[in-house]
Amino acid sequence: MGTPPHAAVNETVKLAKVALRQGAGALVNGVLRTISRDQARGELLEPKVEGDSRSQARALADLYSHPVWMVRRWLCRFGRSETIALMDWNNKPPTYSLRANSARRVSRKSLLETLNELNVISEPSSVLEDFVRVSGGLQAVIRGGLMQRGLCSVQDESGGLVVKVIDPQPGDIIIDCCAAPGGKALNMAACLQKEGKVFAVDINKGKLSLLQNAAIHLGVDDVVITECSDLCSYADRHDLLADKVLVDAPCSGLGVLSKRADLRWRKTSTELEDMVNLQSILLRSAARLVKPGGVLVYSTCSIEPEENHGQVYNFLGCHREFKLESVEGYVPKTFVTREGYFASLPHLHNMDGAFAARFVRMRV
Ligand SMILES: C[S@@+](CC[C@H](N)C(=O)[O-])C[C@H]1O[C@@H](n2cnc3c(N)ncnc32)[C@H](O)[C@@H]1O
């Protein structure tokens with residue numbers, strides 16, 4: 001990742017002394033210096049990708065520093081070269097994008113000029129008209145106070161494209177069922193141009209208060225109404241039927257591994273199953289909040305089929321009152337799958353992995 005080997009070794013030795021014990025530093029130092037020396041001489045022994053599928057997955061997992069269970073499922077689905085491309089992407093420094101805040105009449109052009117004054121290398125997004133991509137991290141943007149001043153917010157382009165799938169329009173009543181920390185809710189609120197409401201529901205009080213503060217900075221606090229609640233009890237308590245309902249479900253996060261370096265080691269395949277159960281409960285509750293003729297969007301930042309296509313399939317199987325609508329026309333064609341879903345893949349689209357399906361509730 002561009003860090004010189006001696007610096008990486010020094011930092012890891014320091015960490016080992018703090019995280020393990022003082023004596024661990026010498027062992028870590030010895031092992032890492034040997035690896036670094038062998039690598040410089042071209043003598044580093046690397047695992048060979050050979051044998052049965054399990055051995056190949058193990059070797060690739062070692063070479064690209066991913067858990068074996070993830071590599072195995074991607075190999076089955078994508079094949080070897082695409083799996084390597086995906087792991088390569090996950091190991092690269094993350095890319096970031098910013099959304100110019102239209103609610104405060106900040107244009108993308110003026111945001112690019114402000115970033116230029118701060119010496120932040122940036123370029124217009126090629127897929128979203130109010131987004132810019134920044135290179136080299138977000139420190140200068142944060143130090144420059146751009147978010148505090150309400151000029152922009154940090155949002156991956158994949159999240160911006162999910163908002164395109166919802167297609168918020170002035171006057172809409174929208175319920176964002178898993179809203180915090182608020183990237184999509186705040187983007188939707190800006191689209192409403194002061195007409196309509198975004199009801200932002202989340203079970204996490206701390207994250208919801210981040211959303212509330214950001215709404216004030218961005219000048220959309222008159223449009224966003226927050227409620228800390230479990231979605232299922234929210235759906236029981238409210239008889240509000242919305243024009244549009246978003247379920248940006250909690251998920252494995254396997255589409256955002258470049259931004260969350262620790263995540264790959266904390267997730268297990270069992271947790272993925274638990275997530276799938278929770279997602280289907282949330283989707284079912286959200287469906288009760290959609291008015292006839294209204295739109296329901298289910299999204300995740302996962303690239304795993306059980307959390308995406310699988311949920312859609314199961315949902316449609318027991319909700320005959322909903323039909324799937326293609327996302328074509330809402331997002332560029334390259335993101336539209338054969339089935340009509342939105343899907344971004346990091347190694348193909350150069351952004352976080354995400355998924356969205358758009359349902360319409362039929363008028364009876
Ligand atoms: C993927 S995050 C949402 C990200 C958000 N939409 C955004 O764009 O910033 C999923 C959210 O679901 C919330 N959540 C999990 N279980 C929930 C439940 N039972 N009811 C409501 N929210 C829940 C989590 O607290 C988390 O903030």
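Numbering of ligands and ligand atoms starts at 1, following listing order.
Side chains of Glu157 and His349: no donor on one and acceptor on the other come within 3.5 Å. Side chains of Thr300 and Glu307: no donor on one and acceptor on the other come within 3.5 Å. Looking only at atom types and distance, the side chain of Ser55 has a donor-acceptor partner in the side chain of Asp52 under 3.5 Å away.
Listed by chain and number, Cys177, Cys178, Ala179, Ala180, Pro181, Gly182, Gly183, Lys184, Asp202, Ile203, Asn204, Lys207, Ser229, Asp230, Leu231, Asp248, Ala249, Pro250, Leu282 each place a non-hydrogen atom less than 4.0 angstrom from ligand 1.
Phe359 and Phe322 have perpendicular rings, their planes meeting at more than 60° on a 0 to 90° scale where under 30° would count as parallel.
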Show the atom names and distances, to 0.1 Å, of all donor-acceptor pairs under 3.5 Å that link a side chain in residues 64-73 to residues at least two apart or in another chain.
residue	atom	partner	partner atom	Å
His66	ND1	Tyr64	O	2.8
His66	ND1	Arg264	NH1	3.4
His66	NE2	Asn90	ND2	3.1
Arg73	NH1	Glu304	OE1	2.6
Arg73	NH1	Glu306	OE1	3.2
Arg73	NH1	Glu306	OE2	3.3
Arg73	NH2	Glu306	OE2	2.6

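For Leu20, the CG atom sits in a packed shell: over 12 heavy atoms of surrounding residues, nucleotides or ligands are nearer than 6.0 Å.
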